[in-house]
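Single-structure report; data block below.
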Number of protein chains: 2
Amino acid sequence: MTSEQRRIQPRKQPRQVRAELTRQRILAAAAHIFAEYGYAAGTTNRIAEQARVSIGSLYQYYPNKDAILAELLTRHLDGDRATETLRAHKDRPDPLEQIVRVFVHTVIDNHLDDPELLRIMIEQAPRSAELLERITRLEWEMVGDLRDLLNRHPEVRVHDKDTAARLVASTVELTVHQLVASPGSIDLTRLENELVAMVTGYLRADR
Amino acid sequence: MTSEQRRIQPRKQPRQVRAELTRQRILAAAAHIFAEYGYAAGTTNRIAEQARVSIGSLYQYYPNKDAILAELLTRHLDGDRATETLRAHKDRPDPLEQIVRVFVHTVIDNHLDDPELLRIMIEQAPRSAELLERITRLEWEMVGDLRDLLNRHPEVRVHDKDTAARLVASTVELTVHQLVASPGSIDLTRLENELVAMVTGYLRADR
DNA sequence: GTCTATACATAGATAGAC
DNA sequence: GTCTATCTATGTATAGAC
């Protein structure tokens with residue numbers, strides 16, 4: 001490469017690529033800081049420091065602190081595959097236990113990434129109307145799909161499908177959420193097995 | 001009552017009683033404010049205002065903001081009767097379902113007081129080492145008592161008693177916690193029935 | 001594009017009068 | 001014991017130089 005060429009195309013890193021990289025660095029830093037300090041104590045200064053960017057630069061990429069956490073949350077919500085999993089099994093004659101297992105497994109999977117950050121986001125994220133609405137919608141989608149399943153599947157004997165759907169959704173989501181992050185962490189395979197047994201048994205029991 | 005007597009005993013409200021009353025007013029106000037605004041936005045100024053006390057007076061009763069929330073949390077923890085309930089049934093030959101029902105019922109009962117405040121306290125309370133230690137101890141106490149029960153009771157067939165105890169404790173505590181406070185609140189009797197059925201079935205199933 | 005310096009807001013907490 | 005006034009700290013966000 002001659003110096004002649006350098007003069008014509010001096011920048012090796014095109015602007016947009018570099019900028020996107022910085023954005024990602026800030027986001028990663030924010031995930032780390034929020035997970036460690038929580039939302040309130042996870043200050044923009046700390047985030048900037050962790051990302052090795054000045055506070056001024058940080059604000060060039062995000063308009064405010066909430067926007068950072070909102071993007072992290074959006075990312076996670078987009079990665080949630082649990083309801084799709086349920087839908088995929090809707091019209092197939094698989095055994096109930098198998099469907100439940102895939103569902104539980106997917107939920108566990110969604111939580112492995114960064115359980116601490118997840119806790120912070122769910123518990124302390126600023127509940128903007130728009131974000132809250134998205135979360136609620138996703139929750140109800142899951143409950144709805146679950147109820148559909150209960151209504152169709154021949155093995156299901158539980159009477160009150162509506163309450164059952166809510167209970168199962170809460171049970172799986174919450175216990176996974178808690179036990180994955182908890183100290184003295186449970187063995188994940190065991191958690192999956194026991195959860196599947198408990199839920200499947202409940203749905204199949206005739207009372 | 002003559003004015004002579006009044007001069008000898010002029011105060012109708014002895015100091016300590018009045019002070020205790022003020023303390024309680026501040027605490028009640030704090031409960032209200034925290035439940036409505038959350039921990040961070042539940043400022044000491046707002047609490048003082050709600051209690052109709054000046055901010056200066058508030059600090060005469062509590063050394064700092066955290067101390068107020070800590071006392072609220074302590075109050076709640078002291079009111080937790082779930083583990084005692086379990087112990088009371090330890091050596092009695094009651095049917096498993098009945099024991100589980102009493103346990104679930106107690107947990108629900110503990111959450112009826114002020115679900116919103118409870119959520120705030122559990123999710124956003126400043127995790128001081130001392131407080132965290134108390135909570136963890138209580139949790140493990142509950143898991144321990146549950147495990148004892150599973151080990152003794154003849155109806156219990158689940159193999160991994162340890163995992164089962166943790167799963168049951170989490171399931172009951174968390175689902176109650178969530179569903180009692182959730183909008184479109186579930187019927188509590190139904191919640192109790194379904195939860196009891198799910199847990200009992202799980203514990204009795206031979207796989 | 002990135003930095004430093006700083007404005008601005010608000011919270012927790014204290015001092016000192018009454 | 002209670003108040004008002006105020007201090008101090010800290011965090012978000014912006015301005016302007018380079």
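No hydrogens, no waters, no symmetry mates; every other heavy atom, side chains included, goes into these values. Bear in mind the structure is a predicted one, so any value in this text is a computation, not a measurement. Letters A, B, ... mirror the listed sequences (proteins, then strands); counts begin at 1.
- Taking the centre and axis of the six-membered ring of A/Tyr62, the NZ or CZ atom of A/Arg23 falls inside the cone set by 45° and 6.0 Å.
- Separating the CG atom of B/Asp66 from the C1' atom of C/dA13 is a distance of 13 Å, rounded to the nearest angstrom.
- No hydrogens or angles considered: a donor-acceptor pair under 3.5 Å links the side chains of A/Glu20 and A/Gln24.
- Annotation: salt bridge (charged side-chain N to carboxylate O under 4.0 Å, His left out) contacts involving residues 36-47 of chain B, sequence neighbours excluded, are absent.
- Rounded to whole Å, atom C1' of C/dG1 lies 15 Å from atom CD of A/Glu20.
- Within residues 40-65 of chain A, the residues that place at least one heavy atom under 4.0 Å from DNA chain C are, in residue-number order, A/Val53, A/Ser54, A/Ile55, A/Gly56, A/Ser57, A/Gln60, A/Tyr61.
- If you measure from atom CD of B/Gln16 to atom C1' of D/dG1, you get 14 Å, rounded to the nearest angstrom.
- Here A/Glu97 pairs with A/Arg101 in a salt bridge; the nearest charged N to carboxylate O distance falls below 4.0 Å.
- For B/Asp91 and B/Arg152, the salt-bridge test passes: some basic side-chain N is under 4.0 Å from an acidic carboxylate O.
- Summarising the geometry, the separation between CD1 on B/Ile33 and P on C/dG12 is reported as 12 Å, rounded to the nearest angstrom.
- Ion pair A/Arg134/A/Asp78 flagged as a salt bridge, since at least one NZ, NE, NH1 or NH2 atom sits closer than 4.0 Å to an Asp/Glu carboxylate oxygen.
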